[in-house]
Amino acid sequence: MLGGHDLGAAGALLTREFFARPALDVAHRLLGCVLEHQTADGLVAVMLTEVEAYEGSADPASHAYRGRTARNAVMFGPPGHAYVYFTYGMHFCVNLVCLPEGTASAVLLRAGRVVEGAALAAARRAASRNGSVAGGAPRTVADRELARGPARLCQALGIDRALDGADVCDPASPLRVRSARSARGGPATPPISRGPRVGVNSGAQRPWRFWLTGDPTVSPYRPHVPRVRPKPVWAPDRSDGTMQQ
DNA sequence: CAGCTGATTTCCT
DNA sequence: GGAAATCAGCTGG
């Protein structure tokens, strides 16, 4: 939707105060809010449908559990900034920092519904697949799959480490968050479900994942499963008893 | 749909 | 050196 005039229901930017509270509090309030990223290619916006709260020093599943590092430094900074990290050698995930400077809680943005820039989002998602499709029909990405999962959400929005530390409360920032549209004939508070966080080991019993009940863009739940030994084999005996690696 | 596996690199013990 | 806040492709039921 292009903003012609009087989008009365268009959400205002979330304030610093909104984020200056515990992550558990911020998490469920973020559901229904809109994350948007403006780039030279255009604007992509998603309505958040799934989030997870991470406490800092008190939460063994948090990246900040063992203190400040180069990677997680932004989490210890002021609220309302994006903490973007790189994982599994290929994926980015984005969090929004909570609580005052000095503490390190944050909310992981796990999924959303694309509400603007769907064509650009789909192009980014498809491009990450194969770059160019030779001869065959390009695989299309279903609308509901565009931002279904934390790494997919970052792909659809074009988020990477360059946005680590971005202030999402600043109107001049390329990455911003708008409040949920107030009820205009709709329910003021949609039904929210909660359950254990995805893919975490320590602290898996804490039900700190929140999502919009029944929303098709919410990612499927996967419990944490440690991978088995990757290389049980070694080079045949060469009589010197040495092994590679 | 459930389940398994490879990809790929950064960070920390 | 190993695990990681993941995803896509493939197999089999």
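Order of the sequence lines sets the chain letters (A, B, ...), proteins ahead of strands, with each chain counted from 1.
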| request: Go through C:dT6, C:dA8, C:dA5 for me and flag the one nearest to the A:Met75 side chain. | output: C:dA5
| field | Whole-Å distance separating the CG atom of A:Leu146 from the C1' atom of C:dA8 | value | 15 Å
| said: Counting C-beta onward and ignoring hydrogens, is there a side-chain heavy-atom pair between A:Val51 and A:Arg209 closer than 4.5 Å? | reply: no
| note | A:His91 has its side chain closest, among B:dC12, C:dC7, B:dA7, to C:dC7
| task | Please determine, for the side chain of A:Leu108, which listed nucleotide (B:dT8, B:dC11, C:dA5) has the closest atom? | result | C:dA5
| task | Would you mind classifying the nucleic acid contact of A:Ala61 as base, sugar-phosphate or nothing, using non-hydrogen atoms under 4.0 angstrom? | result | base
| query | How many Å lie between OH on A:Tyr221 and P on C:dT6, as a whole number? | reply | 11 Å
| message | In whole Å, I'd like the distance from the CZ atom of A:Arg124 to the P atom of C:dA8. | response | 16 Å
| query | Counting side-chain heavy atoms from C-beta on, which of B:dT13, C:dA5, C:dC7 comes nearest to A:Tyr85? | reply | C:dA5
| field | Side chain proximity check, A:His63 to A:Tyr85, heavy atoms < 4.5 angstrom | value | yes
| task | Could you work out which one of B:dT8, B:dT13, C:dA4 sits closest to the side chain of A:His224? | result | C:dA4
| If you draw a 6.0 Å radius around OH in A:Tyr65, do more than 12 non-hydrogen atoms from other residues or ligands fall strictly inside? | no
| field | Polar side-chain contact A:His63-C:dA5 base: donor and acceptor under 3.5 Å | value | yes
| How close or far is atom C1' of B:dT10 from atom CZ of A:Arg161, stated in whole angstroms? | 9 Å
| remark: A:Trp211 CH2 to C:dA5 P, in whole Å, measures 19 Å
| remark: Side-chain atoms of A:Val198 come closest, of C:dT6, C:dA8, B:dT13, to C:dT6
| Do A:Gln155 and A:Arg124 come close enough that some side-chain heavy atom pair is under 4.5 Å? | no
| said: Counting only side-chain heavy atoms from C-beta out, which of B:dT10, C:dC7, C:dA5 sits nearest to A:Val200? | reply: C:dA5
| request: Among the candidates C:dT6, C:dA5, C:dA8, find the nucleotide nearest to the side-chain atoms of A:Arg125. | output: C:dA8
| request: Would you mind pulling out the nucleotide paired to B:dC12, Watson-Crick or G-U wobble, both distances under 3.5 Å? | output: C:dG1
| message | What is the distance, to the nearest angstrom, from the CD atom on A:Glu52 to the P atom on C:dT6? | response | 8 Å
| query | Phosphate oxygens OP1/OP2 of C:dA8: is one of them under 4.0 Å from a side-chain N or O of A:Arg152? | reply | yes
| query | Is A:Arg71 touching bases, backbone alone, or none of the nucleic acid, heavy atoms closer than 4.0 Å? | reply | sugar-phosphate
| Atom CZ of A:Arg222 to atom C1' of B:dT5: distance rounded to whole Å? | 13 Å
| Of A:Gly67 and A:Met90, whose closest DNA chain B nucleotide lies nearer the 5' terminus? | A:Met90
| note | Looking only at C:dT6, B:dT10, C:dA8, the nucleotide nearest the A:Tyr88 side chain is C:dT6
| field | Residue A:Thr69, side-chain heavy atoms: nucleotide from C:dT6, B:dT10, B:dC11 that is nearest | value | B:dC11
| query | Within the pair A:Arg66 and B:dC11, is there a side-chain N or O less than 4.0 Å away from OP1 or OP2? | reply | no
| request: Would you kindly give the CG-to-C1' distance between A:Asp160 and B:dT10, to the nearest whole Å? | output: 15 Å
| Side chain to side chain, A:Phe92 and A:Thr87, heavy atoms closer than 4.5 Å | no
| Would you say the side chain of A:Val94 lies within less than 4.5 Å of the side chain of A:Tyr83, judging by non-hydrogen atoms? | no
